[in-house]
There are 2 protein chains.
Amino acid sequence: MSINTEQNMEQAILETATKLFLEKGFRSTSTTEIAREVGCNQALVHYYYRTKERLFEAIFEKKIKFFIGSLFKIDHEDIPFEKKLARKIESHFDAIKEEPKLPLFFFNEASSNPSRLQQLRDKLGELPDLVVNQMKNELEAEIKKGNIRPMTIYDLLMSIVSLNIVAFIAEPIFKTITKISDEEYLKLLKRRKKENVHIILNSLKPRFT
Amino acid sequence: MSINTEQNMEQAILETATKLFLEKGFRSTSTTEIAREVGCNQALVHYYYRTKERLFEAIFEKKIKFFIGSLFKIDHEDIPFEKKLARKIESHFDAIKEEPKLPLFFFNEASSNPSRLQQLRDKLGELPDLVVNQMKNELEAEIKKGNIRPMTIYDLLMSIVSLNIVAFIAEPIFKTITKISDEEYLKLLKRRKKENVHIILNSLKPRFT
DNA sequence: GACATATTTAATAGCTCTATTAAATAACGC
DNA sequence: GCGTTATTTAATAGAGCTATTAAATATGTC
């Protein structure tokens, strides 16, 4: 409803800022532009959020939590490891599809301002440890049983994240280099989710060389 | 004692600009900062390159050619497809290791300024078509022979690029989230090259589900 | 040395940006 | 309505940025 957008300026500023920061990053987004797009005076942005930095931090934190949550959901169901893993990969892929600009946004802000990394570490707390450990235990049990070749949890996680994010990050460049149409790219995207599951599951088998 | 003052200023400016653009991107790098780092007057940057835009374009083009060349080298040797593919993956990985900031740099500049994409397309010309087609033909021959499951060349390429670049792009974030040490990260990086080859080669086999 | 040319600098115009201040307007309790 | 508080605006200080201009300095040529 338009009541929300019209009435609550604070919220409208937050939403527009989120959109712009995700599109252009912290540095290239000005409070002037945010205000222009919202349709309010530039000083109002500072009235509600004091500084551009604080406004950004509020948004950054929210997005961090969304992203991390997508990969690290503890799954207590008693199903085979590979099935569980397949689910994790798919839910991660879906989360990125929902917010395709998030990965590049993180990489940029993290690399352009190291204080964001500290912020990230502080906000996350014990979460990653806890959930990585659960996955790690399950993985090591499978390795012990001989179902899966020896590998670290970090290798597995990195492979999953790599495969899942790049199709979204690289979309404009990939389209330009390959000259494939938007339609073809959509088809490719649709295949990726299944592809990625397949690639990861196959990679768990013992090395054949 | 800066080499800069003694030697070719034009070259010194180009090198410093390259370093800064790669680190911080076009928008966040100022000609003022370039000059400060080189140790010359800010107007000198404009004397040699007229505008910040032209200076950037010279650098961008050079880096594009390096990056594309690393993945798309035609290999005429008559060795098995999988062996050839393994070599390609490894040489691509090595190229990125040599210039680890390049992938993020491209994604950023391409997404923050679409005119860069046009520039990229113009500079590349027929190169991608030619080399993708050669790889595509070899892949399709293998599929026909039944050695490899049906898949498109774009899926294969995307999987390779995905696996190879993310360990470099995500280094700061990954270290922060996992809290692994620099030493451990180095070990992880060393494993990745072999891992990625293994993952790709295994993924060529028919789907087991 | 003197002249022409190339390199380098200081100064500045004209932007845009963030953040603040004081004043205007809206909203609300009574 | 009136006083109080919350919201919104106009104006601006102060900084940094790109690009240009004219002047100073260095370099090479004869």
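Each chain gets a letter, A, B and so on, in the order the sequences are listed, and its residues count up from 1. On a predicted model such as this, the values are computed, not experimentally measured, just so you know.
- Residues of residues 37-48 of chain A having a heavy atom closer than 4.0 Å to DNA chain C, listed by number: A:Gln42, A:Ala43, A:His46.
- Side chain to side chain, A:Arg192 and B:Ser159 meet the donor-acceptor criterion of an N or O pair below 3.5 Å.
- Of the residues listed (A:Lys83, A:Lys88, A:Lys84), the one engaging A:Glu138 in a salt bridge (charged side-chain N to carboxylate O under 4.0 Å, His left out) is A:Lys84, and it is the only one.
- Nearest heavy-atom pair across B:Ser203 and A:His198 is O-CE1, 3.3 Å.
- Looking only at side-chain heavy atoms (C-beta outward), B:Thr178 and B:Glu184 stay at 4.5 Å or farther from each other.
- Of the residues in residues 49-63 of chain A, none lies under 4.0 Å from DNA chain D by heavy-atom distance.
- Looking at residues 20-31 of chain A, you'll see A:Thr29, A:Ser30, A:Thr31 sit with a heavy atom under 4.0 Å from some atom of DNA chain C.
- Every residue two or more places apart in sequence or in another chain that forms a ring pair (Phe, Tyr, Trp, His ring centres under 6.0 Å) with A:Phe60 is listed here: A:Phe56, A:Phe105, A:Phe106.
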Which side-chain N or O atoms in residues 162-174 of chain B pair as donor and acceptor under 3.5 Å with protein atoms at least two apart or in another chain?
residue, atom, partner, partner atom, Å
B:Ser162, OG, B:Met158, O, 2.6
B:Asn164, OD1, B:Asn196, ND2, 2.9
B:Asn164, ND2, B:Ile89, O, 3.2
B:Asn164, ND2, B:His92, ND1, 2.9
B:Glu171, OE2, B:Lys175, NZ, 2.8

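- In this structure, CD1 of B:Ile13 is placed 10 Å from C1' of C:dT8, rounded to the nearest angstrom.
- In this structure, A:Glu109 and A:Arg116 approach most closely via the heavy-atom pair O-CG, 3.5 Å.
- For DNA chain C, each stem of at least three Watson-Crick or G-U pairs (distances under 3.5 Å) is given as range with range: C:1-30 with D:1-30.
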